[in-house]
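I have placed the structure first, in the form of structure tokens, so that the comments after it can refer back to it.
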Amino acid sequence: MIKIIVDSTAYIPKEFIEENDIAVVPLRVLYLDKEFEEGLPGSFDEFFASFTKTKIFPKTSQPSPEAFIAAYNKVIDEGNEAIVFTISASLSGTNSVANLSRESCKDPSKITVMDSKSTGQNIWGYCMEVIEKAKEGWSRAQIVEYIETLQVNSQICFVPDSLDYLKNGGRIGKVSAVLGSLLQIKPILTFKQGTLLCAKKVFGVAKAITELITMIPKNVKRLFAIHIANTKYFDMLHEKMKESFPDATIYEGELGPVVAAHIGPAIGVCYIC
């Protein structure tokens, strides 16, 4: 049987994790002198209640090799094989740790580690595809090749509340952050194939939401409305997505502390084609 292992930045809901027996290897977060493992969506409220007030930027770290090895060996001991999805290698060393750990498990031939070239709900969408194809009898190699074709047109698009977090992470300059805040300019950030870009800059949240929706392809296969510590505009985004894609299943996704450390509060869309 093909099992799935992800790191915590997949942000898959607990119910889906349990229903499909997915193993989650958590990244770690250092915030206010406390270090903790990143949990699952629904467990971030206390962190965000503080994070959105303090403007203190968390630090993050990748999982230990031991955590990945334990997850691999459990799959192998149960007579199964696994596909492993990690946060993009361009954002974290987690993929490198996952690959190195594979060489130390009981049977590396049973484990395939994939760089998602993304994060968040793109990974959740890939997991949905793995589950469907495995039920249809596809081999691990066939599924991996198929996921690689999906990655080409999969994307996450964000509109951050503030430019402060991007400034802190060195993504933009101090002057740009100040001007953006004063003028209420909203950048639309895209993350595709491991590359973060500022695709557009628009004036105001309403215009940004409209632009986000126009960026979704009509042939979308998996569609997510996502947010980071943001409920103020999330409902507006979700409603407009339903108006534009009345026949699509639109999943709601919450991203956690690791991604929040770099983006800050935000709304966005995520899709797989």
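Keep in mind that what you see is a predicted model, and the values were worked out from it rather than measured.
E254 and K14 are not joined by a salt bridge, as no carboxylate oxygen comes within less than 4.0 angstrom of a charged side-chain nitrogen. Note on E239 versus K242: salt bridge recorded, some NZ/NE/NH1/NH2 to OD/OE distance being below 4.0 Å.
Here the side chain of R102 pairs a donor or acceptor atom with the backbone of P108 at under 3.5 angstrom. Using modelled atom types, one side-chain atom of E38 and one backbone atom of V258 make a donor-acceptor pair closer than 3.5 Å. For S8 (side chain) and P26 (main-chain N/O), no donor-acceptor pair under 3.5 Å exists by modelled atom type. D7 places no side-chain N or O within 3.5 Å of a backbone atom of L27 that could act as its donor or acceptor partner. Side-chain N or O atoms of Q151 include one that pairs as donor or acceptor with a backbone N or O of D115 at under 3.5 Å. Between the N20 side chain and the I131 main chain, no donor and acceptor come within less than 3.5 Å of each other. For N73 (side chain) and K106 (main-chain N/O), a donor-acceptor pair under 3.5 Å exists by modelled atom type. Side-chain atoms of S92 do not come within 3.5 Å of backbone N or O of A89 as any donor-acceptor pair. Using modelled atom types, one side-chain atom of Y72 and one backbone atom of A98 make a donor-acceptor pair closer than 3.5 Å. Remark: side-chain polar atoms of N99 are paired, donor with acceptor, to backbone N or O of N95 under 3.5 angstrom.
The CD1 atom of I83 sits 11.5 Å away from atom CD1 of I22, with the distance rounded to the nearest 0.5 Å. Here the straight-line distance linking atom NZ of K200 with atom CG of L189 works out to 13.0 Å at 0.5 Å rounding. To the nearest 0.5 Å, atom CG of residue D21 and atom CD1 of residue I5 are 10.0 Å apart. For the atom pair K207 NZ and L212 CG, the distance stands at 11.5 Å (nearest 0.5 Å). Expressed to the nearest 0.5 Å, how far CD of Q155 lies from CD1 of I216 amounts to 10.5 Å. Summarising the geometry, atom CZ belonging to F16 is positioned 5.0 Å from atom CE belonging to M128; distances are rounded to the nearest 0.5 Å.
Taking the six-membered ring wherever Trp is involved, the centroid distance between the rings of F191 and F158 does not fall below 6.0 Å. W124 has its ring centre no less than 6.0 Å from the ring centre of Y11.
Closest heavy-atom contact between T86 and S116: O-OG, 2.7 Å. Residues S104 and I69 approach most closely at CB-CD1, 3.7 Å, considering heavy atoms. Residues L150 and C273 approach most closely at CD2-O, 3.2 Å, considering heavy atoms. Here the shortest heavy-atom pairing between P187 and P160 reads O-CD, 3.4 Å. In plain terms, the two heavy atoms of P257 and V29 that are nearest each other are CB-CG2, 3.9 Å. Residues V97 and P63 share a closest heavy-atom pair of CG1-O, 3.6 Å.
There is no path of hydrophobic side-chain contacts, each under 4.5 Å, that joins V25 to L100. Note on I56 and L30: separate hydrophobic clusters, where clusters join Ile, Leu, Val, Met, Phe, Trp and Tyr whose side-chain heavy atoms are under 4.5 Å apart, directly or indirectly. Both I226 and I228 belong to a common hydrophobic cluster when Ile, Leu, Val, Met, Phe, Trp and Tyr are linked at side-chain heavy-atom distances under 4.5 angstrom. Taking hydrophobic clusters as Ile, Leu, Val, Met, Phe, Trp and Tyr residues chained together by side-chain heavy-atom distances below 4.5 Å, I87 does not share a cluster with I111. Taking hydrophobic clusters as Ile, Leu, Val, Met, Phe, Trp and Tyr residues chained together by side-chain heavy-atom distances below 4.5 Å, L237 does not share a cluster with F203.
Every residue two or more places apart in sequence or in another chain that forms a side chain to side chain donor-acceptor pair (under 3.5 Å) with T112 is listed here: R140. Residues satisfying the side chain to side chain donor-acceptor pair (under 3.5 Å) test with S109, not counting sequence neighbours, are D107.
Between H262 and F57 the shortest side-chain heavy-atom distance does not fall below 4.5 Å. Counting only heavy atoms from C-beta outward, the side chains of I76 and C105 approach each other to under 4.5 Å. I156 places a side-chain heavy atom less than 4.5 Å from the side chain of T119. Within the 4.5 Å cutoff, side-chain heavy atoms of Y31 are placed close to those of S50. L255 places a side-chain heavy atom less than 4.5 Å from the side chain of Q121. Contact of the K221 side chain with the Y271 side chain is not registered, since no non-hydrogen atoms from C-beta on lie closer than 4.5 Å.
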Handout entry: E132 and K135: CA distance, side-chain angles, deciding distance, side-chain contact (heavy atoms from CB on, under 4.5 Å) verdict
Key = CA-CA 5 Å; E132 284 190 2; K135 287 179 179 178; 6.0 Å; no
Exercise for the section: Please step through side-chain contact (heavy atoms from CB on, under 4.5 Å) for the pair T60 and R28, ending with a clear verdict. Expected result: CA-CA 6 Å; T60 63; R28 300 191 66 82; over 6 Å; no
Practice task
Could you check M241 against V269 for side-chain contact (heavy atoms from CB on, under 4.5 Å), going step by step and ending with a plain yes or no?
Solution key: CA-CA 9 Å; M241 288 175 68; V269 300; 3.7 Å; yes
Exercise for the section: Report the C-alpha separation of C127 and V130 in whole Å, then their side-chain angles, then the decisive distance to 0.1 Å, and conclude whether the side-chain contact (heavy atoms from CB on, under 4.5 Å) test is met. Expected result: CA-CA 5 Å; C127 291; V130 171; 5.6 Å; no
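Within a 6.0 Å radius of NZ in K192, more than 12 heavy atoms belonging to other residues, nucleotides or ligands are found. Atom NZ of K3 has more than 12 heavy atoms from other residues, nucleotides or ligands within 6.0 Å. Counting heavy atoms of neighbouring residues, nucleotides and ligands inside a 6.0 Å radius, atom OH of Y233 does not exceed 12 of them. Within 6.0 Å of atom CD in E136, more than 12 heavy atoms from other residues, nucleotides or ligands are found, so the atom counts as buried in its surroundings.
A cation-pi contact, defined as under 6.0 Å to the ring centre and within 45° of the axis, links K218 to F245.
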Pairs of donor and acceptor atoms involving the side chains of residues 141-148, under 3.5 Å and at least two apart or interchain, shall be tabulated with distances.
| residue | atom | partner | partner atom | Å |
| --- | --- | --- | --- | --- |
| Q142 | OE1 | S139 | N | 2.9 |
| Q142 | OE1 | S139 | OG | 3.3 |
| Y146 | OH | E129 | OE1 | 3.2 |

